[in-house]
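See below for the structure under consideration.
Below, read A as the first sequence line, B as the second, and so on, with proteins coming before strands; counting in each chain starts at 1.
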There are 2 protein chains.
Amino acid sequence: MANRSETKIKILDAAERLFAERGFSETSLRLITSKAEVNLASVNYHFGSKKELIRAVLARYLDVFMPAATQALQLKQQTEQQASLHDIFSTLIQPLLDLNDLRYRGTTTFLQLLGRGYIESQGHLRWFITTHYGEHLTEFVAAVSQSVPNIPKVELFWRLHFTLGTVVFTMASSEALSDIAAAEFGEQNDIETVIRKVIPYVAAGVSESNITASR
Amino acid sequence: MANRSETKIKILDAAERLFAERGFSETSLRLITSKAEVNLASVNYHFGSKKELIRAVLARYLDVFMPAATQALQLKQQTEQQASLHDIFSTLIQPLLDLNDLRYRGTTTFLQLLGRGYIESQGHLRWFITTHYGEHLTEFVAAVSQSVPNIPKVELFWRLHFTLGTVVFTMASSEALSDIAAAEFGEQNDIETVIRKVIPYVAAGVSESNITASR
DNA sequence: TCCTAATTTAAACATACGTTTAAATTAAAC
DNA sequence: GTTTAATTTAAACGTATGTTTAAATTAGGA
């Protein structure tokens, strides 16, 4: 019972930063443990394997974010019975920004991790998220569906995945994009600005009324 | 001068399929050469390195697609002087579908490769594309910009990257999405259907008139 | 204080990877 | 048919990875 395992937290902190920056498979346990200033073997001791470490890193954010997002959504639904799609998406802003209180640069890190998680690790992280946080996702989709009743379910399925792609890709490369925007247009963008830019974009796409028929 | 190097083509064919399916870093040269039924060392003999093989795989598509896309765009601009954003994006459809004549499942493969390329390989593929095909990209962006003159340049920059994210992510996981859509809604989707679904979505997002001010 | 279980540590393990080497083989040039 | 250069081949190299081992260390409960 040594040290109450501050080691575990040091590993998680170093891992999440490196995973977000470089991706999961491009980040070795040796790099993580050296940045965390702990022994290499402690990852396997505390987490079992690299795969389980990845899940632990994501879970630390999802366990905070998912309930907060669901709560914000429910609050909005109670106060406003005819919430627009823009409103629905906007309920996510505060829960996302609150992650910055949790950890330094928490919002950016979380969104980058989410992006990496969906892109890399064929399926196994997607499975992890949907099985552990499925109820929250279902509830959100239902709220979206209700706010755009004229969009068929199949169409909505596709558009929400388009939206996921937009967000996930943007966030995974938000560093690079912000740098380019700063150099090209002299515009300094923090994560909140980017979030507030992306919401009208995806809301317009999802509620678009020109529906392409399946052929 | 043995064999007129059919080996080179066998490697490219096997590599592009595996790269598209599993990503670049998850695909080993040993897997590629075994599927291609050639010797392991032949990759380094013909291409120099894995990195150059990746570029060769992408170049084989880009060299066909980029000029075709530019030509289709110019044709549209000549016949219609007030092309809508939807029109502009739609000029890409035929050049994309023509890749299926080039190779079996060429369209899907190309889009998946493009997605993987932007996501993986931090920057070095992005650099490769912009330096080798920059004129085509610039021309396309100019056409988009002209069709939505009321959108400020900075805003357009962001929205086009959102669009890139949408397309790239959707295509990188289009297999999985089509499977889910088939299971959930009984809808069989080929790549053309997905492309025709995504265009109204991104066109709506890009031309959306609610512009968020920078703060 | 002593004991015990949790933790840390250094080392080694097993495997996979991209790449290089040098010999064997092949096909075209003469 | 012989020569020559391009190509193929099997093997090895060097390095990096995640994981395991067993001994050393630590800290809390008796």
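- Rounded to whole angstrom, the span from the CG atom of Leu29(B) across to the P atom of dC13(D) amounts to 20 Å.
- The distance from atom CD1 of Ile32(B) to atom P of dT19(C) is 11 Å, rounded to the nearest whole Å.
- Comparing dG18(D), dT19(C), dT21(D) by their nearest atom to the side chain of Ala41(A) picks out dT21(D).
- Proximity of His46(A) to the phosphate of dA6(C): no side-chain N or O atom is located under 4.0 Å from OP1 or OP2.
- Counting heavy atoms from C-beta outward, Ile88(B) and Phe140(B) have side chains that approach closer than 4.5 Å.
- Between the side chain of Thr163(B) and the main chain of Val202(B), no donor-acceptor pair closer than 3.5 Å is present.
- Of the candidate nucleotides dT9(C), dT9(D), dT19(C), dT9(C) has the atom nearest to the side chain of Asn39(A).
- For Asn44(B), the side-chain atoms get nearest to dT19(C) when compared with the rest of dG18(D), dT19(C), dT8(C).
- For the pair Arg55(B) and Phe47(B), the cation does not sit on the ring face, since its NZ or CZ is not both under 6.0 Å from the ring centre and inside 45° of the axis.
- Under 4.0 angstrom from either OP1 or OP2 of dT7(D) there lies no side-chain N or O belonging to Thr7(B).
- In this structure, the CG atom of Leu31(A) is 13 Å from the C1' atom of dT17(D), given to the nearest Å.
- Mapping Tyr45(B) and Ser28(B) onto DNA chain C by nearest heavy atom places Ser28(B) closer to the 5' end of the strand.
- Checking dT8(C), dT19(D), dG18(C) against every side-chain atom of Lys50(A), the shortest atom distance belongs to dT19(D).
- As a whole-Å value, the separation of Lys8(B) NZ from dT7(D) P is 9 Å.
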Inset, instruction - Please report the C-alpha distance between Asp63(B) and Tyr133(B) in whole Å, then the side-chain angles of each, then the deciding distance to 0.1 Å, and finally whether the side-chain hydrogen bond (donor to acceptor under 3.5 Å, both in side chains) criterion is met. - result: CA-CA 9 Å; Asp63(B) 287 343; Tyr133(B) 309 94; 2.8 Å; yes
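- At dT8(D), none of the side-chain N or O atoms of Ser42(B) fall inside 4.0 Å of OP1 or OP2 (strictly under the cut-off).
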